[in-house]
Amino acid sequence: MLMEWWRLSQAYIFIWSTCMAFYGLCTEHLVYTFSNRVGSGNFSYFKLHREGFIRLVLTSNSGDADLYISSATLYPDYNNYELKSATCGEDSVEVPVEMIRPVGIGIFGHPSSEVSEFNLFVYADDDNIPDGAHMSQHITSSSETEESLVWSIFVGILKLILDILV
């Protein structure tokens, strides 16, 4: 039943995004999708460098993951954040153009489940990127993406080892 709901919600997001883009009602488009898991009472952290208007959509496949955003710290939590969405369903946060980059993204695994599996969708509106940010965004994102990928793999392996030991 849960998997059926998940597939329907993903289909809805795809159809909605496609229709909105086709009819020109919005200029935002999906630029990144990330799937991961976070343990009960723990945070997973990500950095957002992309300029302009960004909409983050967090869907929980299992458990309940919540979204915390900050430009003041790269490690936001439930005490230190500027934007958040902590619902029992789909979480969504709109990061305004004015928010200073990089932005820290914290995904919290609610204690009601041992592990929360999630998908994070990043939508961008390239029409709202400030002048001069296009080139610098592409130059920094390639090396940082590689670093982020290596770091994510390393942290994932450490979490796996920790889970085995504990």
Is there a path from [X] to [Y] through hydrophobic residues (I, L, V, M, F, W, Y) whose side chains come within less than 4.5 Å of each other?
{"X": "V103", "Y": "F43", "value": "no"}
{"X": "V115", "Y": "F34", "value": "no"}
{"X": "Y78", "Y": "F46", "value": "no"}
{"X": "I69", "Y": "I54", "value": "yes"}
{"X": "F121", "Y": "F108", "value": "no"}

Taking the side chain as every heavy atom from C-beta outward, state whether [X] and [Y] have any pair of such atoms under 4.5 Å apart.
{"X": "F118", "Y": "V38", "result": "yes"}
{"X": "L67", "Y": "K84", "result": "no"}
{"X": "V95", "Y": "L56", "result": "yes"}
{"X": "H110", "Y": "S40", "result": "no"}
{"X": "V122", "Y": "L30", "result": "no"}

Find the distance between [atom1] ([X]) and [atom2] ([Y]) and round it off to the nearest 0.5 Å.
{"X": "Y123", "Y": "Y32", "atom1": "OH", "atom2": "OH", "result": "14.5 Å"}
{"X": "N79", "Y": "T73", "atom1": "CG", "atom2": "OG1", "result": "12.0 Å"}
{"X": "N42", "Y": "K159", "atom1": "CG", "atom2": "NZ", "result": "7.0 Å"}
{"X": "Y45", "Y": "S70", "atom1": "OH", "atom2": "OG", "result": "10.5 Å"}
{"X": "I107", "Y": "N36", "atom1": "CD1", "atom2": "CG", "result": "8.0 Å"}
{"X": "S71", "Y": "I100", "atom1": "OG", "atom2": "CD1", "result": "5.5 Å"}

Okay, side chain of [X], backbone of [Y]: is any donor-acceptor separation there less than 3.5 Å?
{"X": "T87", "Y": "E90", "value": "yes"}
{"X": "S116", "Y": "D64", "value": "yes"}
{"X": "R101", "Y": "M99", "value": "yes"}

query: Does R37 CZ have over 12 foreign heavy atoms under 6.0 Å away?
result: no
query: Which atom names give the shortest non-hydrogen contact between P76 and G106, and what distance separates them?
result: CG-N, 3.5 Å
- request: List the atom of A65, the atom of S60, and the distance in Å for their closest heavy-atom pair.
  value: N-OG, 2.9 Å
- request: Indicate whether any N or O donor in one side chain lies under 3.5 Å from an N or O acceptor in the other, for S35 and E117.
  value: no
- request: Starting from the C-alpha separation in whole Å, work towards a yes-or-no answer on ring pair (Phe, Tyr, Trp, His ring centres under 6.0 Å) for Y68 and Y75.
  value: CA-CA 9 Å; Y68 293 85; Y75 303 101; over 10 Å; no
